[in-house]
S.K.: 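Encoded as structure tokens, here's the structure I'll be asking about.
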Amino acid sequence: MSDSTTATNFILDIINNDLKTEKYDNRVHTRFPPEPNGYLHIGHAASICLNFGIARDYEGGKCNLRFDDTNPIKEEQEFVDSIIQDVKWLGFDWEDRLFFASDYFDQMYEYAVQLVKSGHAYVDDQTGDQIRQTRGTLKEPGIESPFRNRTPEENLDLLTRMKAGEFEEGSRVLRAKIDMTSPNMNMRDPAMYRILYRSHHRTGNKWCLYPMYDWAHGLEDSIEKITHSICTLEFEDHRPLYDWFLIALGAYRPQQIEFARINVNYTVTSKRKLMQLVTEKHVQGWDDPRMPTISGLRRRGYTPESIQIFCERVGINKRDGVSDIALLDHCYREEMNNSAKRVMAVLDPIKLIITNYPENHVEMLSSENNPEDPEAGTRQIPFTRELYIERTDFMEDPPKKYFRLALGKEVRLKQAYYVTCESVVKDKDGNILEIHCVYDPNTKGGWSQDGRKVRGTLHWVSVDHALDAEVRVYEHLFLKENPNDAEEGKDFISNLNPNSLNILAGCKVEQSLKDATVEEKYQFLRHGYFCVDKDSNSDLLVFNRTVPLRDSWAKKGK
RNA sequence: UGGGGAAUCGUUCAACGGUAGGACAGCGGACUCUGACUCCGUCAAUCUAGGUUCAAAUCCUAGUUCCCCAGCCA
């Protein structure tokens, strides 16, 4: 390992041991094998980080990106493209090892012929229903197919004709001849090939025979000389079958290792459910910033680094659990605190007028871009008589320990001056329209010579210079930690959070944001971390709030 | 006794017969030109019952709970 301080886990233990015993000639070669039938999500990220992380951390380690595209009914090029983009964006490199299971179809078929010839596989003429009915149950053994004892010659003839397209879809399957009484259902003569007259996104109409997962997956790993084939827990009792095929073939056999899938609270990660959210338009697409998809997280503003660190800290083991999304936010804040440029943005503006400040006067004030990073430098910000401040930064009847503006109270305007509130202007209904203050010219830069202190520091923007912006503030997509915990007769959809998207129009942001580019990230002072959304145009900047800053004051109010 | 897995602070990961520790979350405080950051403190766990041992989260026995498997899905 290149970094001994990172957490170890049972998979690394296995690999280290295999290295010690030279089980795989000191090679470490993993793979990430997505099926291109949906978008990648945070759960996949854990697997990607694990597999590519292992390749990165071991001397000479490799990790392949391989599409497990054995089912043309569900798979599409769109998903291949998005997956490639997402893995790349996450920061991983498969070099020249981008593979497709479909590239091995010929080879797989030859292997099948070999099993037929050696009497390990047979063609079954039973219907799907018949096969299901004779499989037995969890507690009762299955019944052998009447076609189970055909000769290798007959099986070979039938298999050849299946491949040639002589038989109807669903009329026959090739089955492994194992044990219909096995307590492991996977070993009860599992199907290897089904007949499907479907066009495949890569092989077109070349095949009408498509391999099943159990048959295909081990072959893919074997062909690529994978050493450690890491998958999720539900494949644990497929391992005997994985091994059986490769042993029967006398082929190179990787070690399958299973770990618990990563779940995250307040969201769902089943492909079916994500698909449902998109198709039923509960969200605006796969990359909706509320989605746990990689593309959604990306658009929301999360970085590859924060996702990687999150996955590392969550860790790997064999118990299923649910991780706290707050940890991702923590990882993100940690990263951004060191790197994000600070800017001032007023999300809910109210006018503040400095009555003793000259009209039509503009002062340029200097502000640091990132107090955590002196190298980030400073910028100039225009200060004028009329400013916008945050509506919530003024209260007529402030509670105790309220540091912000109130009648007669003095606060600091960030990097500018101390101001004291003298009066407010209201409309007929009593709504505050303007806050009138006086400033102390001797506090320029936000510091007083006489040592007097103010507790509150407010952010602001000049009315004349502010840019218009729309800010999208997100909450959890679901109200419950476990969205599947729904009332009787209802499903996860009933737990959708109606306030998961809150659009703030009429926000005012500082001038320096004029040339902000899509995906660029900022800290809006005292608010949180935001990034520019692709919906921005030359008239209106659109920001997504990735995560808010921690706010111990707001917490006290609760 | 169908088979296969898993049980440690609220969550998550460690401890591999020798002081149950870290992170996140929570709570309290200090600091602060971001009520941020940072720092300090604090809360809090070995599924149960027996057994082996000087010593058990760890080994043994018996239970309990949870997850996965009856697709021509992966």
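The sequence lines fix the lettering, A, B, ..., with proteins before strands; numbering per chain opens at 1.
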S.K.: Checking only heavy atoms, does the side chain of Arg342(A) share a donor-acceptor pair with the base of U34(B) at less than 3.5 Å?
M.R.: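 In this structure, the two groups form a donor-acceptor pair.
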S.K.: If you pin Ser323(A) and Ala326(A) to their nearest nucleotides in RNA chain B, which one's is more 5'?
M.R.: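 With Ser323(A) and Ala326(A) compared, the 5'-side residue is Ser323(A).
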S.K.: So, does Asn186(A) get its side chain near the phosphate of C69(B), meaning an N or O under 4.0 Å from OP1 or OP2?
M.R.: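 No, because none of the side-chain N or O atoms of Asn186(A) sits under 4.0 Å from OP1 or OP2 of C69(B).
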S.K.: In whole angstrom, what separates Tyr529(A)'s OH from U34(B)'s P?
M.R.: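 Rounded to whole Å, this separation is 13 Å.
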S.K.: Given C72(B), A6(B), G35(B), identify the nucleotide with an atom nearest to the side chain of Lys318(A).
M.R.: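 Looking only at side-chain atoms, Lys318(A) lies closest to A6(B).
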S.K.: Ignoring backbone atoms, test whether Ser182(A) places a side-chain nitrogen or oxygen under 4.0 Å from the OP1 or OP2 oxygen of G3(B).
M.R.: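 The answer is no; no side-chain N or O of Ser182(A) sits under 4.0 Å from OP1 or OP2.
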S.K.: Using a cut-off of less than 4.0 Å, is there contact between a side-chain N or O of Arg313(A) and OP1 or OP2 of A25(B)?
M.R.: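 It does not, given that no N or O in the side chain of Arg313(A) lies less than 4.0 Å from OP1 or OP2 of A25(B).
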S.K.: Give Val173(A) one of three labels, base, sugar-phosphate or nothing, depending on what nucleic acid heavy atoms sit under 4.0 Å from its own.
M.R.: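 Touches a base.
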S.K.: Quick one: is Thr70(A) getting a side-chain N or O under 4.0 Å of the A74(B) phosphate, OP1 or OP2?
M.R.: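 Looking at the OP1 and OP2 atoms of A74(B), one of them is under 4.0 Å from a side-chain N or O of Thr70(A).
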S.K.: C67(B) phosphate, OP1 or OP2: any side-chain N/O from Arg261(A) under 4.0 angstrom?
M.R.: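 It does not, given that no N or O in the side chain of Arg261(A) lies less than 4.0 Å from OP1 or OP2 of C67(B).
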S.K.: With nearest nucleotide decided by heavy atoms, which residue, Thr137(A) or Val454(A), maps closer to the 5′ end of RNA chain B?
M.R.: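 It is Val454(A), whose closest nucleotide lies nearer the 5' terminus.
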S.K.: Measure distances between side-chain N and O atoms of Arg455(A) and base N and O atoms of U32(B), and say whether any donor-acceptor pair falls under 3.5 Å.
M.R.: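 Such a pair exists between side chain and base.
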S.K.: Categorize Lys401(A) for me: base, sugar-phosphate, or nothing, with a 4.0 angstrom heavy-atom threshold over every strand shown.
M.R.: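 Base, at least one base heavy atom under 4.0 Å.
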S.K.: Thr30(A) side chain to His228(A) main-chain N or O, any donor-acceptor pair under 3.5 Å?
M.R.: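 Side chain of Thr30(A) to backbone of His228(A): no pair is present.
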S.K.: Please determine if a side-chain N or O atom of Arg550(A) lies less than 4.0 Å away from the OP1 or OP2 oxygen of G26(B).
M.R.: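 Answer yes for this pair, as a side-chain N or O of Arg550(A) is under 4.0 Å from OP1 or OP2.
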S.K.: Quickly, which of Arg66(A), Glu220(A), Glu224(A) forms a side chain to side chain donor-acceptor pair (under 3.5 Å) with Tyr104(A)? Name it, please.
M.R.: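 Option passing the side chain to side chain donor-acceptor pair (under 3.5 Å) with Tyr104(A): Glu224(A).
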S.K.: Do Asp237(A) and G3(B) share a donor-acceptor pair, side chain to base, under 3.5 Å?
M.R.: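 Side chain to base: pair found, below 3.5 Å.
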S.K.: For U8(B) versus U46(B), give the span between their C1' atoms, rounded off to a whole number of Å.
M.R.: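 Approximately 4 Å lies between the C1' atom of U8(B) and that of U46(B).
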S.K.: Could you check whether Gly170(A) gets within reach of a base, just the sugar-phosphate, or nothing at all, counting any heavy atom under 4.0 Å?
M.R.: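 Base, at least one base heavy atom under 4.0 Å.
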S.K.: Please give the distance between the P atoms of C60(B) and G18(B) as a whole number of Å.
M.R.: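 Each nucleotide's P atom is 15 Å from the other's.
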S.K.: Going by ring centres under 5.5 Å and near-parallel planes (under 30°), is Trp553(A) stacked on G35(B)?
M.R.: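 According to the criterion (under 5.5 Å, under 30°), yes, Trp553(A) stacks.
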S.K.: Determine the contact category for Gln126(A): base if any of its heavy atoms lies under 4.0 Å from a base atom, sugar-phosphate if only primed atoms, P, OP1 or OP2 are that close, otherwise nothing.
M.R.: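 The answer is base, as Gln126(A) lies within the cut-off (heavy atoms under 4.0 Å) of a base atom.
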S.K.: I'd like to know if the side chain of Asp69(A) and the backbone of Ala101(A) have a donor-acceptor N/O pair within less than 3.5 Å.
M.R.: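 Side chain of Asp69(A) to backbone of Ala101(A): a pair is present.
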S.K.: Does Arg172(A) count as lying over the ring of Phe167(A), i.e. NZ or CZ under 6.0 Å from the six-ring centre, within 45 degrees of the axis?
M.R.: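 Relative to the ring axis of Phe167(A), which defines the angle, Arg172(A) lies inside both limits.
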S.K.: Identify the residue among Asp124(A), Asp125(A), Thr127(A) that makes a side chain to side chain contact (heavy atoms under 4.5 Å, CB included) with Val173(A).
M.R.: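 With Val173(A) as partner, side chain to side chain contact (heavy atoms under 4.5 Å, CB included) holds for just one option, Asp124(A).
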S.K.: Please confirm whether the shortest side-chain N or O distance from Arg194(A) to OP1 or OP2 of G71(B) is below 4.0 Å.
M.R.: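 For G71(B), neither OP1 nor OP2 has a side-chain N or O of Arg194(A) closer than 4.0 Å.
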S.K.: Classify Met212(A) by what it touches in the nucleic acid, base, sugar-phosphate, or nothing, heavy-atom distance under 4.0 Å.
M.R.: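 Contact class for Met212(A): sugar-phosphate only.
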S.K.: Would the base of U34(B) count as contacting Arg412(A) through its side chain, where contact means a donor and an acceptor less than 3.5 Å apart?
M.R.: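 Looking at the base of U34(B), it does not pair with any donor or acceptor on the side chain of Arg412(A) (distance under 3.5 Å).
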S.K.: Compute the ring centroids of Tyr439(A) and Tyr417(A), then answer whether they are less than 6.0 Å apart.
M.R.: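 So the answer is yes for these two rings.
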S.K.: Identify whether any heavy atom of Tyr402(A) sits under 4.0 Å from a base atom; if not, whether one sits that close to sugar-phosphate; answer base, sugar-phosphate or nothing.
M.R.: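 Here Tyr402(A) touches the bases of the nucleic acid.
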S.K.: Would you tell me if any nitrogen or oxygen in the side chain of Lys555(A) comes within less than 4.0 Å of OP1 or OP2 on G26(B)?
M.R.: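 For G26(B), OP1 or OP2 has a side-chain N or O of Lys555(A) closer than 4.0 Å.
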S.K.: Check the phosphate of A36(B) against Arg526(A), side-chain N and O only, distance under 4.0 Å to OP1 or OP2. Yes or no?
M.R.: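 Checking Arg526(A) against A36(B): no side-chain N or O falls below 4.0 Å of OP1 or OP2.
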S.K.: Any chance you could lay out the salt bridge (charged side-chain N to carboxylate O under 4.0 Å, His left out) test for Glu390(A) and Arg404(A), step after step, and finish with the verdict?
M.R.: CA-CA 10 Å; Glu390(A) 214 66 61; Arg404(A) 282 106 103 144; over 6 Å; no
S.K.: Roughly how many Å apart are A36(B) and G26(B), using the P atom of each and rounding to a whole number?
M.R.: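 The answer is 12 Å between these two P atoms.
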S.K.: Of all the choices, U34(B), C24(B), C37(B), which nucleotide is nearest to the side chain of His330(A) once you look at every atom?
M.R.: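 So the side chain of His330(A) is nearest to C24(B).
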S.K.: Report yes if a side-chain nitrogen or oxygen of His459(A) is closer than 4.0 Å to either non-bridging phosphate oxygen (OP1 or OP2) of U34(B); otherwise report no.
M.R.: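 Indeed not, no polar side-chain atom of His459(A) lies that close.
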S.K.: Would you say the base of U38(B) and the side-chain of Glu372(A) have a donor-acceptor pair closer than 3.5 Å?
M.R.: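 A donor-acceptor contact between them is absent.
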